[in-house]
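Below you'll find the structure, written out as structure tokens, and then a few comments.
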Amino acid sequence: MFKRFFTISFLLFSLGSFFAQFNPVFDNLVWADEFNGSGAIDDNKWFHQTLLPNGTSWWNGEQQHYTDEITNSYVNNGLLNIVAIKEVYSDQGITKNYTSARLNSKFAFTYGRVEVMAKLPYGEGTWPAIWTLGKNITENGGFWASTFGTTGWPACGEIDIMEHWGHNPNYIQSALHNSFSSGNTINHGGIMASDVANDFHLYAMEWTENEIKFSLDSVVFYEYNPQPKNIANWPYFQDQYLLLNIAMGSSWFSIDPFFNSSKMEVDYVRVYQASPASLSPNEETSPLSIYPMPYQEEISFFFKDNLPISGAYLYTFLGKQIKLFSSKEDINNYSWESLKSGTYFIKIDHLEKSTTHKIIKL
């Protein structure tokens, strides 16, 4: 199944703009943490990543240990607190002068809208981030790596929803890291915000099969839509998971020697995906008839008037694309019996119109 999906993804890349793009409305809340109450973080939703990935340090020359200490990450009065602290801390045989926390979500997704309402730390040397990594990353110590890790960074894909550097106050940047551009990436955009250390702002990312948009307080300031897409510049067709952290220092900027402690406060994290309503089934105007419906194993597709199609897409109930069809024959030859029971949608592009059908597998 993975091989078939991977092949279809390459077909999407090579055909480029030939196929019309699907633009779902992300109106269905599928995962969230409102950080209600006080105490330890919800370990059903979050994983503390603490293992030094190369055995001695973190990437970028960062100078902190990430810990699972409650002093570095906790919930208080409905807010998540991630706290960077100047303190001598020894772990894994290595001593560092700063501690912080790095949280991995135990939820991964393909396509959707991420919203994070947050207040950021202050001080030269702080580097807070709200971001995602491909679930298939092989990084040691990550929540998903031991089970799903097949691909190294940057080929796994990284989406930086928000980065902020204490030496450049109030400048917010979003960026993409992939095989086409990593490290000091060229795929980035930024915006000046107001008083990010004292005011909450809404940091958001909207990710479709065609593009990724970044916004601050609902103002879009950067869009990523490489053309033509290929595996190097668009690995963003598979699951990503969320990360929240504060790094301290790097190989290219220093820490204020008078820094003592600062925190990132998060009011909520929400992930939305497309609901069935946003797919707007319109069978009555379609050149396609489907029989039987619902179906168990065999299903047939009948095209009216021999109308040509330019493409077709199969989506899950939540709007995740799972198949791209290049022809009518491709649709009829698909192994429909292999689908799990549930509701799906097939979107047909024909001439200058698109129509959508509901498919129910018993």
Side-chain angles (χ1 to χ4, degrees), residues 29-51 58 62-91 96-107 113-132 141-143 160-166 169-170 172 193-205 216-217 241-249 255-256 258-272:
L29 183 65
V30 295
W31 188 85
D33 198 336
E34 303 293 331
F35 305 109
N36 295 321
S38 297
I41 66 168
D42 186 348
D43 60 9
N44 291 313
K45 294 183 176 181
W46 300 100
F47 169 79
H48 283 96
Q49 187 176 355
T50 61
L51 185 68
W58 288 92
E62 298 169 16
Q63 299 178 39
Q64 79 290 322
H65 266 305
Y66 290 124
T67 85
D68 58 4
E69 305 282 354
I70 199 164
T71 51
N72 291 118
S73 59
Y74 58 91
V75 175
N76 185 47
N77 293 326
L79 298 173
L80 168 66
N81 292 257
I82 295 178
V83 189
I85 303 171
K86 184 177 182 178
E87 61 176 335
V88 177
Y89 190 93
S90 296
D91 186 27
K96 302 285 187 181
N97 293 319
Y98 302 89
T99 61
S100 184
R102 173 173 167 142
L103 305 183
N104 297 190
S105 69
K106 294 183 178 181
F107 170 80
R113 176 177 172 84
V114 176
E115 294 184 351
V116 180
M117 183 69 75
K119 186 191 299 184
L120 305 184
Y122 63 89
E124 184 175 345
T126 59
W127 184 3
I130 302 166
W131 51 307
T132 74
F143 175 71
D160 297 329
I161 300 170
M162 184 287 302
E163 290 183 283
H164 178 263
W165 295 273
N170 296 318
I172 301 300
S194 60
D195 205 3
V196 298
N198 292 300
D199 295 334
F200 282 93
H201 293 275
L202 179 62
Y203 304 96
M205 175 265 286
L216 172 70
D217 297 329
Y241 66 96
L242 288 161
L243 298 96
L244 306 174
N245 72 288
I246 304 174
M248 290 298 299
I255 302 172
D256 181 350
F258 298 103
F259 176 87
N260 182 47
S261 175
S262 191
K263 62 185 177 181
M264 176 164 64
E265 296 177 275
V266 180
D267 187 17
Y268 59 79
V269 177
R270 298 170 183 166
V271 180
Y272 297 85

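Looking at every heavy atom in both residues, V196 comes nearest to H164 through CG2-NE2, 3.7 Å. Pairing each heavy atom of K106 with each of N44, the nearest pair is CD-O, 3.8 Å. Heavy-atom minimum distance, P121 versus I246: CG-CD1, 3.9 Å. Between M264 and A129, the shortest heavy-atom distance links the atoms CE-O, 4.1 Å. Nearest heavy atoms, A193 versus I172: CB-CG1, 4.1 Å. Closest approach of T132 to M205, counting heavy atoms only: CG2-CE, 4.4 Å.
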Side chain to side chain contact (heavy atoms under 4.5 Å, CB included) between Q63 and N97, intermediate numbers included: CA-CA 7 Å; Q63 299 178 39; N97 293 319; over 6 Å; no
Test log, rule side chain to side chain contact (heavy atoms under 4.5 Å, CB included), inputs L242 and V271: CA-CA 10 Å; L242 288 161; V271 180; 3.9 Å; yes
Side chain to side chain contact (heavy atoms under 4.5 Å, CB included) between S194 and H201, intermediate numbers included: CA-CA 9 Å; S194 60; H201 293 275; 3.6 Å; yes
From CA spacing to verdict: side chain to side chain contact (heavy atoms under 4.5 Å, CB included), L29, R270: CA-CA 7 Å; L29 183 65; R270 298 170 183 166; 3.8 Å; yes
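Looking only at distances, a side-chain donor or acceptor of D217 sits under 3.5 Å from a matching main-chain atom of L202. Put simply, the side chain of K263 never gets that close to the backbone of L80: no donor and acceptor are under 3.5 Å apart. Side chain of S262 to main chain of Y122: a donor-acceptor pair is present (N/O by atom type, distance under 3.5 Å, no hydrogens or angles). When atom types are taken as modelled, the side chain of S261 and the backbone of I85 share no donor-acceptor pair closer than 3.5 angstrom. Here the side chain of Q64 pairs a donor or acceptor atom with the backbone of M248 at under 3.5 angstrom.
A donor atom on one side chain and an acceptor atom on the other are found under 3.5 Å apart for N72 and T99. A side-chain donor-acceptor contact under 3.5 Å links S73 and H48. Between the side chains of K86 and N260, no donor-acceptor pair of N or O atoms lies under 3.5 Å. Side-chain polar atoms of Y268 and D33 form no donor-acceptor pair below 3.5 angstrom. Between the side chains of E115 and Y203, no donor N or O sits under 3.5 Å from an acceptor N or O. Using modelled atom types, one finds no donor on one side chain facing an acceptor on the other under 3.5 Å when comparing D91 with H65. A donor atom on one side chain and an acceptor atom on the other are found under 3.5 Å apart for N245 and W131.
Looking at heavy atoms from C-beta onward, W31 lies in side-chain contact with V269 at the 4.5 angstrom threshold. Side-chain atoms of V83 and T71, non-hydrogen and from C-beta on, never get closer than 4.5 Å to each other. A heavy-atom distance below 4.5 Å is not found between the side chains of E124 and F258. Inter-residue side-chain proximity for Y98 and Y89 is flagged as unmet; no heavy-atom pair is nearer than 4.5 Å. Looking only at side-chain heavy atoms (C-beta outward), V75 and N81 stay at 4.5 Å or farther from each other. The side-chain heavy atoms of L103 and L243, taken from C-beta on, include no pair separated by under 4.5 Å. Using a 4.5 Å heavy-atom cutoff, the side chains of I70 and I41 are not in contact.
If you take OH on Y66 and CD1 on I82, they are separated by 9.5 Å, rounding to the nearest 0.5 Å. To the nearest 0.5 Å, atoms CG (L244) and CD1 (I161) are separated by 8.5 Å. Considering NZ of K96 and OG1 of T67, their distance stands at 14.0 Å, rounded to 0.5 Å. Atom CD of E265 sits about 13.0 Å away from atom CE of M117, to the nearest 0.5 Å.
Counting heavy-atom neighbours within 6.0 Å of F107 CZ, excluding the residue itself, gives a total above 12.
Among F47, Y241, W46, the one residue that satisfies the ring-ring contact (aromatic ring centres under 6.0 Å, His included) test with F143 is F47.
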